[in-house]
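Here the structure is laid out as C-alpha cells; the discussion comes afterwards.
Residue numbers start from 1 in every chain, and the chains themselves are labelled A, B, ... in the order their sequence lines are given, proteins ahead of strands.
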Amino acid sequence: MSAPVTPRLRFAPSPTGPLHIGGARTAIYNWAAARALGGRFLLRIEDTDQARSTKASLENILESFRWLGLDWDEGPEHGGDFGPYFQSERLDIYARYGARLLASGHAYECFCTSEEVEAGREALKAAGRSPMYDRRCRDLSDAQREELRGSGRVASLRFRMPLDEDLTVHDLGKGQVVVNLREVDDWVMVRAGGMPLYNFACVVDDLEMGITHVVRGEEHFVNGVKQLVMFRALGQPAPQYAHIPLILGKDGKKLSKRDASTAVLDYRDHGYSADAVFNYIALLGWSFSGDQDLFTRDEMVARFAIPDIGKSGAKFDEEKLQWMAGEYVRRAAIDDLVAWTKPFVLAAGAVPESAYASHPDLLRNLVRCNQERIRLFPELPPKLGYYFTDPEPDDAARKNLAKFPDAPQWLAAYAELLGDSAIPPSYPKDRGDADRVAVLPTDRNASLPDRSAVPFLLPAHLEEDARALADRLGIKFGNLVHPLRAALTGTDKGPGLFDIVYLLGRERCLARLSASSR
RNA sequence: GGCCCGUUCGUCUAGAGGCCUAGGAUACAUGGUUCUCAUCCAUGCGACACGGGUUCAAAUCCCGUACGGGCUACCA
C-alpha cells in the first residue's frame with residue numbers, strides 16, 4: 001500500500017496584467033479544493049515571458065488574493081519547501097529536465113526559424129490540413145544538426161509527440177475525452193534563447209512541487225494533453241486535471257472589459273464588499289445548494305468538490321453581484337461597515353475626518369440608519385452629507401415645501417416644540433450618551449420607553465410629540481412630516497424622520513427650521 | 001477549415017429515469033407594511049434548443065441537427 005498523498009493545488013498566474021475575474025474564479029476553486037481536501041494551496045508565479053511580466057502585476061495579484069481572503073500556504077512572501085516559486089528562478093531545474101528529455105529521445109532540437117515554421121503552417125493550411133509544425137527537424141541526423149549549428153542557427157527544443165495514438169483523457173471537468181495525438185503539434189519546450197515555455201515549465205514545476213490536482217480554464221485543455229504526454233515520458237504520474245468553462249460576458253463571449261470591469265481590484269475600488277465578490281464569483285459555475293446563494297468561505301469549503309463545477313459557461317451578471325453586495329452590507333457588523341465605507345465617505349468629503357474619532361457612536365448610528373439603503377459603499381456619502389452641512393433642497397424637497405401655503409407656520413410650530421424639548425446637541429458639540437443610549441434606526445415594533453428613564457427624548461418620543469402637534473394643528477401627520485423632512489434634509493427620502501431629528505440635534509434642526517419658515 | 005466541449009426561466013442555477021403540472025435566486029410586475037425611500041412580506045411573469053430513438057416511463061440515456069464556446073504561438 002502506498003503512503004497517502006497530501007493533496008496539493010496551485011494557482012499559477014503569469015504577472016502580465018491585473019488579476020481578472022476569470023483568474024480569480026480559478027484561484028477560488030483551487031483554493032477551495034485544497035481546503036476541502038485538507039491539502040495545501042500554493043501560488044506559483046509563471047514569469048518566463050520576461051518581456052511581459054511586471055512587478056506591478058505581481059503586486060496586483062497578491063493584493064487581489066488578500067482582498068478576496070484567499071490565503072496561500074506556499075509561494076511569494078510565504079516561502080515553502082518546494083521553492084523557489086518564481087519560474088524565473090528555476091531555470092537550472094528546467095535545464096536539467098530538458099537535457100534528460102533530449103537524451104531519452106522525447107525531445108529534439110529544432111533549428112527552424114519562426115518564419116520557416118509559419119511558412120510550413122501556411123502550406124499545410126493551403127493544402128486543407130490542420131496548420132501545424134511540419135516536423136522537419138524531428139528526424140535530423142547528427143551530421144545534419146552539426147551542419148545547421150555550424151551555419152549559425154540556434155536550436156529550440158521541441159517535444160516529440162506520438163504520431164498516431166488515441167489518448168483517453170480522464171478530465172475531472174469534461175469527463176472522458178479521446179484525443180487523436182496526430183492533432184497535436186510537436187510543441188516547443190524551450191525557446192531558441194534558452195527560456196522555457198509554459199507547457200514545459202508547468203510540467204516540471206507541477207511534478208517537482210507535488211501538485212495533485214489542477215483546476216483551470218478550458219482554454220488549457222490541449223495544453224493538458226501535451227502535459228499528460230510529457231509526464232508519461234518522464235515516467236511520472238500527472239496531476240488530475242479539471243478543465244472548466246470560461247466566464248462569459250453579456251454577449252456570450254469570453255468576458256472582456258467591454259462587459260464589465262474585469263480586474264478584481266476594480267470592484268474593491270468601486271465599493272463592493274469583498275465577501276460579496278468572492279461569493280458571487282464562486283457561484284459562477286458552482287452552486288452551494290439548490291436553494292441558497294449566500295455562503296461564507298468556510299461553508300463553501302465544507303461543501304466544495306471539483307466534479308461539482310458546472311460544465312457550461314456562465315455569464316457575468318453585474319446586477320446580481322450588486323444585489324449580493326447589498327445583502328452583505330445589510331448583514332455586516334456595524335464597525336466593519338463603518339470601516340469599509342470610511343474611505344469613500346472621506347473621499348467625498350461628506351463627514352469631517354475628526355468626527356470618526358470624536359463621535360464614533362454618532363457615526364455608527366448614521367451608518368446603521370442607512371445600512372439597508374445602500375449596496376455599494378459610494379452610495380453612502382450622499383446620504384450623510386446633510387448631517388454635517390446644510391443642504392440645498394432638491395426639486396422634490398422644494399415641492400414638498402411649497403405644496404401647502406401654511407407649511408411655514410407648521411414648521412415654526414414644530415420649531416417651537418423642539419425648542420422646548422430635551423434633544424441632543426448638534427455635532428461638533430459633545431452629545432454625551434445620546435448616541436449610545438439610542439441605537440438607531442428605531443425599531444417601530446418596540447414599546448415606547450419611559451421618558452424619565454432617558455437623558456434625552458428618543459426618536460419614538462419625538463414622533464409621539466409630533467403626532468400630537470399635528471392633531472393640535474388639525475392637519476394630517478404626513479402634512480407635517482413631508483415639509484419637515486424637506487426642510488431638515490433637503491430631500492424627500494431617507495431614514496425615519498425622527499431618527500434624523502435626533503441625529504441632527506438641536507442647533508442644526510432649529511437653524512434649518514427657521515431658515516425654511518422664513 | 002480541423003479538433004474538442006457545451007445547451008433547464010432574460011441571467012446564475014437545482015435536477016444524476018418515475019418525487020417535475022421542473023425547485024431556488026436575481027431581474028421585472030402587482031399588492032401589503034410605513035412619515036418618504038429602502039428593507040421586509042405576499043403574489044405573478046418566465047425555461048428543459050430542435051428532431052429522432054431506447055424505455056411501461058426521459059429535463060435526465062443514445063444518435064443527428066442547430067446554435068454557442070474553446071483550441072489551433074519560440075503567450076500563459
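- Put simply, the side chain of A:Asn365 reaches to within 4.5 Å of the side chain of A:Leu503, judged on heavy atoms.
- Scanning for salt bridge (charged side-chain N to carboxylate O under 4.0 Å, His left out) contacts around A:Asp134 gives A:Arg136, with sequence neighbours left out.
- Along RNA chain B, the nucleotide closest to A:Asp47 and the one closest to A:Ile374 are compared, and the more 5′ of them pairs with A:Ile374.
- Shown here, B:rA58 forms no base pair; nothing in the strands shown gives a Watson-Crick or G-U wobble contact with both key distances under 3.5 Å.
- Here A:Glu118 pairs with A:Arg121 in a salt bridge; the nearest charged N to carboxylate O distance falls below 4.0 Å.
- Seen from the ring of A:Tyr133, A:Arg158 counts as a face-on cation partner, given the 6.0 Å and 45° thresholds.
- Seen from the ring of A:Phe288, A:Arg303 counts as a face-on cation partner, given the 6.0 Å and 45° thresholds.
- Using a 4.0 Å heavy-atom criterion, one finds that A:Ala314 contacts the sugar-phosphate atoms exclusively.
- A search for salt bridge (charged side-chain N to carboxylate O under 4.0 Å, His left out) contacts involving A:Arg25 returns nothing, not counting sequence neighbours.
- For the atom pair A:Glu327 CD and A:Met324 CE, the distance stands at 8.5 Å (nearest 0.5 Å).
- Near RNA chain B, meaning a heavy atom under 4.0 Å away, the residues from residues 246-253 of chain A are A:Leu246, A:Gly252, A:Lys253.
- When both pairing distances are held under 3.5 Å, B:rU33 makes no Watson-Crick or G-U pair with any nucleotide shown.
- For the C1' atoms, the distance from B:rA42 to B:rC50 is 38 Å, rounded to whole Å.
- Here B:rG1 sits opposite B:rU72 as a Watson-Crick or G-U wobble pair (both hydrogen-bonding atom distances under 3.5 Å).
- Salt-bridge formation is not detected for the pair A:Glu379/A:Arg373: no Lys NZ or Arg NE/NH1/NH2 atom is positioned less than 4.0 Å from an Asp or Glu carboxylate oxygen.
- Taken to the nearest 0.5 Å, the CG atom of A:Leu321 stands 8.5 Å off from the CG atom of A:Leu284.
- Contacts between residues 477-492 of chain A and RNA chain B, defined by a heavy-atom separation under 4.0 Å, are made by A:Phe477, A:Val481, A:His482, A:Arg485, A:Asp492.
- Among the protein residues, A:Asn223 comes within range of the nucleic acid bases, having at least one heavy atom under 4.0 Å from a base atom.
- For residues 283-297 of chain A, the salt bridge (charged side-chain N to carboxylate O under 4.0 Å, His left out) pairs, not counting sequence neighbours, are A:Asp275-A:Arg297, A:Asp293-A:Lys320.
- Using a 4.0 Å heavy-atom cutoff across all strands shown, A:Lys254 reaches sugar-phosphate atoms only and no base atom.
- Here B:rG46 sits opposite no nucleotide as a Watson-Crick or G-U wobble pair (both hydrogen-bonding atom distances under 3.5 Å).
- Among the heavy atoms of the strands lying under 4.0 Å from A:Lys315 are primed sugar atoms or P, OP1, OP2 only; no base atom is included.
- Backbone-only contact: A:Thr48 has heavy atoms under 4.0 Å from sugar-phosphate atoms and none from a base.
- Bounding nucleotides for the chain A contact on RNA chain B, 5' to 3', at a heavy-atom distance below 4.0 Å, are B:rG1 to B:rA76.
- Residue A:Gln50 is out of contact with every strand shown, counting any heavy-atom pair closer than 4.0 Å.
- At a threshold of 4.0 angstrom between heavy atoms, the contacts of A:Cys112 include nucleobase atoms, whether or not backbone atoms are also involved.
- In this structure, A:Arg153 fails the cation-pi test against A:Phe111, since its NZ or CZ atom is not both closer than 6.0 Å to the six-membered ring centre and inside 45 degrees of the ring normal.
- Within the nucleic acid shown, A:Arg52 comes within 4.0 Å of at least one base atom, counting heavy atoms only.
- A:Leu497 comes within contact range of at least one nucleobase, with a heavy-atom separation under 4.0 Å.
- For B:rU21 and B:rA59, the C1' atoms lie 14 Å apart once the distance is rounded to whole Å.
- Comparing B:rG1 with B:rA47, their C1' atoms are spaced 35 Å from each other, to the whole Å.
- Note on A:His220: a base of the nucleic acid sits closer than 4.0 angstrom, heavy atoms only.
- A pairwise comparison of heavy atoms in A:Tyr328 and A:Phe295 identifies OH-O, 3.0 Å as the closest pair.
- Using Watson-Crick or G-U wobble geometry with both donor-acceptor distances under 3.5 Å, B:rU26 finds its partner in B:rG10.
- Of the C1' atoms belonging to B:rG15 and B:rU8, the separation is 9 Å, rounded to the nearest Å.
- Of the C1' atoms belonging to B:rU65 and B:rC9, the separation is 24 Å, rounded to the nearest Å.
- A gap of 27 Å separates the C1' atoms of B:rG18 and B:rA25, to the nearest Å.
- Base pairing analysis places B:rG17 opposite nothing; no Watson-Crick or G-U wobble pair with both distances below 3.5 Å involves it.
- With P as the reference atom, B:rG64 and B:rC3 are 13 Å apart, rounded to whole Å.
- Counting non-hydrogen atoms under 4.0 angstrom, A:Arg467 reaches the backbone sugars and phosphates but no base.
- Closest-nucleotide positions on RNA chain B for A:Phe498 and A:Glu183 were compared, and the one nearer the 5' end corresponds to A:Glu183.
- Among the atoms of the strands shown, base atoms are found under 4.0 Å from some heavy atom of A:Pro131.
- A:Gly285 comes within contact range of the sugar-phosphate backbone alone, with a heavy-atom separation under 4.0 Å but no base atom that close.
- Note on A:Leu284: only backbone sugar-phosphate atoms sit closer than 4.0 angstrom, heavy atoms only; bases stay farther off.
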